[in-house]
Amino acid sequence: MKPVIVVHGGAWAIPDTLAEASVAGVKAAALAGSEVLKRGGRALDAVEAAVRMMEDDLVFDAGHGAVLNTDGEVELDAIIMEGETLAAGAVSSVRNIGNPVSLARAVMEKTDHVMLTGRGANLFAESIGVPTLPTDALVTEEERKEWEHRYKRYTVGVKELFNSQWGHDTVGAVALDSFGNVACATSTGGIRNKMVGRVGDSPVIGSGGYADNKTGAVSCTGHGESILKVTLARLILFHMDQGRTASEAAKSSLQFMRKRVQGCGGAIVVSPKGDWSATFTTERMAWAAVDENVLCYGLNPKEELKESLK
Ligand code: ASP
């Protein structure tokens with residue numbers, strides 16, 4: 001089985017000032033995940049490595065660089081899932097954790113639960129020795145300024161903000177390893193100015209991500225409330241179960257979401273045969289994939305650039 005990894009850095013109206021850094025960030029993450037697969041590592045390890053790298057990259061709204069809620073605080077959501085046994089772990093509304101994707105993996109591997117939220121997730125982190133960072137350690141100066149200067153003038157809701165250039169770059173990865181296992185991971189700070197306690201699609205199984213060796217793995221990004229309503233990750237896999245390609249399934253599901261609940265977004269998909277796609281209905285989505293020895297990437301609609309890795 002030839003291993004494949006696909007990553008995204010969030011689907012939204014990415015401004016030109018962030019374009020280059022977003023593309024560089026997804027390329028680096030795809031390469032990091034691909035290195036794991038090339039060494040014979042598992043899809044689960046590859047998606048965790050790729051997502052951790054983007055959580056550490058300040059350009060993305062996940063881990064370090066997260067956006068702030070209406071109280072000016074960070075609340076992070078993440079999920080990880082593997083397709084062999086359908087094992088999954090998620091955390092929601094966690095604060096002061098640098099790599100929520102790894103905490104989600106610990107929930108999967110060290111507890112009998114699928115999701116821990118808020119204080120419970122932080123207590124669990126403490127109990128297994130995951131370092132808690134000081135308040136504000138994840139917040140960039142730009143985010144604090146942006147929030148302080150612009151927040152008070154905004155009275156619009158999350159949906160309107162989503163279609164403007166207010167930051168919200170969720171990150172995600174899907175992978176197929178040489179043993180035929182698929183996995184997905186998604187991590188986010190959510191949408192700037194969200195209500196305190198708001199949980200989006202990202203940590204919710206079947207919405208922000210899903211992985212099943214029978215059909216494939218998906219990681220979603222976009223307007224969380226819309227993604228939740230159509231359970232986007234499972235919807236895409238449903239279409240693949242019906243015989244559609246990864247790209248057809250993602251396109252028709254995203255179009256359905258736009259028509260049915262007026263929401264935009266994006267998804268990355270990989271099938272157990274290595275068929276993959278990166279699809280979005282927003283203005284832009286930074287994505288990258290490593291398939292055999294080729295690094296593919298893009299930002300604008302219909303853009304697919306290639307670099308040989310040999
Ligand atoms: N889906 C994320 C959320 O609603 C945001 C994003 O993908 O940019 O929390």
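Just follow the structure's listing: the first ligand is 1, and inside any ligand the first atom is 1.
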Margin query: For ligand 1, which is the ligand I care about here, please tell me if Glu225 has any N or O atom under 3.5 Å from one of the ligand's N or O atoms.
Written below: no

Item checked: Trace of the salt bridge (charged side-chain N to carboxylate O under 4.0 Å, His left out) decision for Asp241 with Lys214 -> CA-CA 8 Å; Asp241 251 338; Lys214 264 182 64 196; 5.2 Å; no

Next item on the list: Taking only heavy atoms of Thr221 into account, list the atoms of ligand 1 that are under 4.0 Å away from them.
Entry: 6 (C), 7 (O), 8 (O)

Notebook entry, point to check: Got more than 12 heavy atoms from elsewhere within 6.0 Å of NZ, Lys273?
Noted result: no

Note to self: Between ligand 1 and Thr188, is the shortest N or O to N or O distance under 3.5 Å?
What the structure shows: no

Notebook entry, point to check: What atoms of ligand 1 come within less than 4.0 Å of a heavy atom belonging to Ile191?
Noted result: 4 (O)

Check: How about Arg258: does its CZ atom have over 12 heavy atoms from other parts shown lying under 6.0 Å from it?
Finding: no

Margin query: As a check for students: among Arg198, His223, Lys194, identify the option with a heavy atom nearest to atom 4 (O) of ligand 1.
Written below: Arg198

Check: If you measure every N/O of Gly222 against every N/O of ligand 1, is any gap under 3.5 Å?
Finding: yes

Note to self: On a heavy-atom basis, which atom in Ile80 and which in Ala185 lie closest, and how many Å separate them?
What the structure shows: CG1-CB, 4.1 Å

Check: Is there at least one pair of N or O atoms, one from Gly200 and one from ligand 1, spaced under 3.5 Å apart?
Finding: no

Margin query: Quick check on contacts: which atoms of ligand 1 are under 4.0 angstrom from a heavy atom of Asp201?
Written below: 1 (N), 2 (C), 3 (C), 4 (O)

Notebook entry, point to check: What do you reckon, is CD of Glu20 surrounded by more than 12 foreign heavy atoms closer than 6.0 Å?
Noted result: no

Note to self: Tell me which one of Asp201, Thr188, Thr170, Val204 satisfies side chain to side chain contact (heavy atoms under 4.5 Å, CB included) with Asp77.
What the structure shows: Thr188

